[in-house]
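As the structure is a prediction and not an experimental result, all values here were calculated from the model. Along the sequence shown, residues carry numbers from 1.
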Amino acid sequence: MYSVVYQWFGGDARDWARAVSIAVTLCITLALAVLLPWLVYRLLTGLLRRVLRRTARRWVKTLLDARVSLGVAALVVPLVLLGAVEGQPRASLTLYYNIVSLCAVCAGWLLLDSLVRAVDIHYRYFAVSKQRPLSGLLQVVRVVVAVVALLLAVARLMGENPLVLLGGFSAVGAVASLVFRDAILGFVAGLQLTSSGLLRIGDWIEVPGQLADGTVVDLTMTTVKVQNFNNAITLLPAYTLLSQPFINWRGMQEAGGRRIKRALRIDAADVRWLNDDDWARLSNVELLAPYLAQKRAELDAANAASGVDVCQPLNGRRLSNLGTFRAYILSYLRSHPRIHHGMSMMTRQMEAQDDGIPLEIYAFTDTVVWSEFEAIQSDIFEHFYAVIGEFGLHLYQHPSGSDLRAVKGRFRQ
């Protein structure tokens, strides 16, 4: 080993001295290239933390979270390496300058990438970020910066023009478009979702068949992260939300009212005309008194004008218990303090089926909070279940075990 080194320097003492000088200079340069960036990073980070403790500025916290100081410290490395060979001929140090150029490209990439991350983090502090998220677009910028840095680094190491390598990347891109088809589809879908406003962070979405029913907590250029109401996390490809239907409840949340749409199934055998006792009893109900008085005058006028014999039940106009109950429901909803009176409200009778006559209640609560909505809806329907018997009506339900046992007991007797 000694002889090889001795022959390489030609046995000249001056060459040995020059080799030792270069080795010492190289060691010092490498030590400075490692030590100075570390010192710069520590100083910048400490300075930002001190400013943050005193002023609590958002942009200072953003710079810390994005680690911009690391990108700034990385720029010190190529500066130190260039300073070590200042004044030396470039032709004799081609490899060294290529390495310095590579370090400069990497440092520039780190700085630009951290700045883009800082923009993304700081933008999330504003309310508009939930309506127009930029995460997907900024990720595209980060990918472009990384690709450009890689292209410049490879071109510098090979000594080629970056534009020449760009032609080769286009051919590789054609093959990559087939191999990474799903990733590209997700990338395009993520851009469409974010740019069009179809999906925002904080939206409540429901994706049938994908076990996703909750709040969007993150939206990237390829994936959508949903936190379900059981706190489970579902990660969906972005193109899934464009290739199949999904429900976004944002409109309901922004409107301030959540819809009640549920039917009471009435046993058709209980529907009949109101008799005199029913009129007298229900006229004492405050919610029904105005309606019954109006209907009484309307029916008497119509029957008197037609001159029919009202003693016959099939003659003239009459009021049914089902219609009266429907009017009571509507009057009750209008007087309820937790029903939104600026939105649609109605009670409609739907087509009779084999499980009864559906009487659908359609209204909106004055809140979109799930727990409050369920409590209001339950209270309303519990009230209707309790008072339906006052109208001579019953809810239809399939025979239960107790019903069958009662029938069996009658047959034994």
Side-chain angles (χ1 to χ4, degrees), residues 202-208 211-216 226-232 246-271 281-282 284-291 320-403:
D203 285 354
W204 170 18
I205 66 171
E206 182 180 349
V207 187
L211 300 178
D213 185 9
T215 305
V216 177
V226 179
Q227 183 175 8
N228 297 319
F229 294 116
N230 59 357
N231 292 328
F246 72 97
I247 302 173
N248 191 335
W249 297 96
R250 184 202 312 156
M252 177 269 294
Q253 293 174 324
E254 292 177 349
R258 187 169 178 178
R259 184 184 68 179
I260 296 176
K261 185 182 179 183
R262 186 183 292 183
L264 297 169
R265 300 191 176 273
I266 310 299
D267 193 336
D270 293 332
V271 180
R281 179 170 49 83
L282 296 177
N284 295 323
V285 179
E286 293 183 0
L287 294 177
L288 276 178
Y291 169 78
S320 68
N321 59 346
L322 181 58
T324 306
F325 181 55
R326 180 163 48 86
Y328 174 81
I329 291 176
L330 190 58
S331 179
Y332 181 83
L333 293 176
R334 287 173 178 169
S335 64
H336 199 286
R338 299 305 305 272
I339 293 296
H340 200 303
H341 301 288
M343 296 184 175
S344 300
M345 184 190 310
M346 63 179 175
T347 305
R348 60 174 182 168
Q349 181 187 141
M350 304 177 69
E351 181 181 359
Q353 300 176 0
D354 56 358
D355 56 353
I357 302 175
L359 194 62
E360 187 177 78
I361 298 168
Y362 192 96
F364 289 82
T365 62
D366 64 350
T367 180
V368 297
V369 179
W370 191 9
S371 57
E372 295 181 8
F373 165 78
E374 293 293 347
I376 295 170
Q377 181 176 238
S378 299
D379 288 341
I380 290 174
F381 276 87
E382 287 166 4
H383 176 79
F384 293 152
Y385 295 151
V387 303
I388 191 173
E390 299 295 327
F391 297 86
L393 298 171
H394 296 87
L395 293 176
Y396 181 90
Q397 62 181 11
H398 293 287
S400 63
S402 58
D403 296 327

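At least one donor-acceptor pair under 3.5 Å links the side chain of N230 to the backbone N or O of A232. S331 places no side-chain N or O within donor-acceptor distance of the main-chain N or O of A327, the cut-off being under 3.5 Å.
Taking every heavy atom of both residues into account, N228 and L211 meet most closely at ND2-O, 3.2 Å. The heavy-atom pair separating Y291 from T324 by the smallest distance is CE2-CA, 4.4 Å. Between P358 and G356, the closest heavy-atom pair is CD-O, 3.4 Å. Residues I339 and I380 approach most closely at CD1-CD1, 3.7 Å, considering heavy atoms. Smallest separation of non-hydrogen atoms from F229 and D213: CD1-O, 3.3 Å.
Once rounded to the nearest 0.5 Å, the distance linking OH of Y328 with CG of L333 reads 10.0 Å. To the nearest 0.5 Å, the span separating CD1 on I388 from NE2 on H383 amounts to 11.5 Å. In this structure, R259 CZ and Q377 CD are separated by 10.5 Å, a value rounded to the nearest 0.5 Å. A distance of 6.0 Å separates CD1 of I361 from OG1 of T347, quoted to the nearest 0.5 Å. Interatomic distance, F381 CZ to I260 CD1, rounded to the nearest 0.5 Å: 6.5 Å.
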Can you check side-chain contact (heavy atoms from CB on, under 4.5 Å) on E360 and R262, steps first, answer last?
CA-CA 6 Å; E360 187 177 78; R262 186 183 292 183; over 6 Å; no

Test side-chain contact (heavy atoms from CB on, under 4.5 Å) on V226 and T215; report intermediate values, then the result.
CA-CA 5 Å; V226 179; T215 305; over 6 Å; no

For a ring pair (Phe, Tyr, Trp, His ring centres under 6.0 Å) check, start with the C-alpha distance between Y332 and F384, then their side-chain angles and the critical distance, and finish with the verdict.
CA-CA 10 Å; Y332 181 83; F384 293 152; 5.4 Å; yes

With side-chain contact (heavy atoms from CB on, under 4.5 Å) as the criterion, how do Y396 and I357 come out once you've worked through the C-alpha distance, each side chain's angles and the decisive distance to 0.1 Å?
CA-CA 8 Å; Y396 181 90; I357 302 175; over 6 Å; no

So I205 and I247, side-chain contact (heavy atoms from CB on, under 4.5 Å) or not? Walk me through it.
CA-CA 5 Å; I205 66 171; I247 302 173; over 6 Å; no

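With contacts defined as side-chain heavy-atom distances shorter than 4.5 Å, the pair L287/S335 qualifies. With a 4.5 Å cut-off on side-chain heavy atoms, F391 and L282 count as touching. Looking at R334 and M345, their side chains come closer than 4.5 Å, going by heavy atoms from C-beta outward. Counting only heavy atoms from C-beta outward, the side chains of W204 and V216 never approach each other to under 4.5 Å. Within the 4.5 Å cutoff, no side-chain heavy atoms of L395 are placed close to those of R265. L393 is not listed as a side-chain neighbour of L264, based on a closest heavy-atom distance of 4.5 Å or more. By the 4.5 Å heavy-atom criterion applied to side chains, F373 and V368 are not counted as neighbours.
Heavy atoms from other residues, nucleotides or ligands lying under 6.0 Å from CH2 of W249 number 12 at most.
With D366 as reference, R338 is the one residue of H336, H340, R258, R338 to meet the side chain to side chain donor-acceptor pair (under 3.5 Å) rule.
Side-chain contact check for E372 and T367: at least one donor-acceptor pair (N or O, by modelled atom type) lies under 3.5 Å. Side-chain atoms of H394 and D270 form a donor-acceptor pair, as typed in the model, at a separation below 3.5 Å. Side chains of N248 and D203: a donor on one and an acceptor on the other come within 3.5 Å.
Taking the six-membered ring where tryptophan is involved, the planes of F364 and Y362 are perpendicular, since the angle between them exceeds 60° and thus also 30°.
Comment: E390 engages R281 in a salt bridge, judged by a side-chain N to carboxylate O separation of less than 4.0 angstrom.
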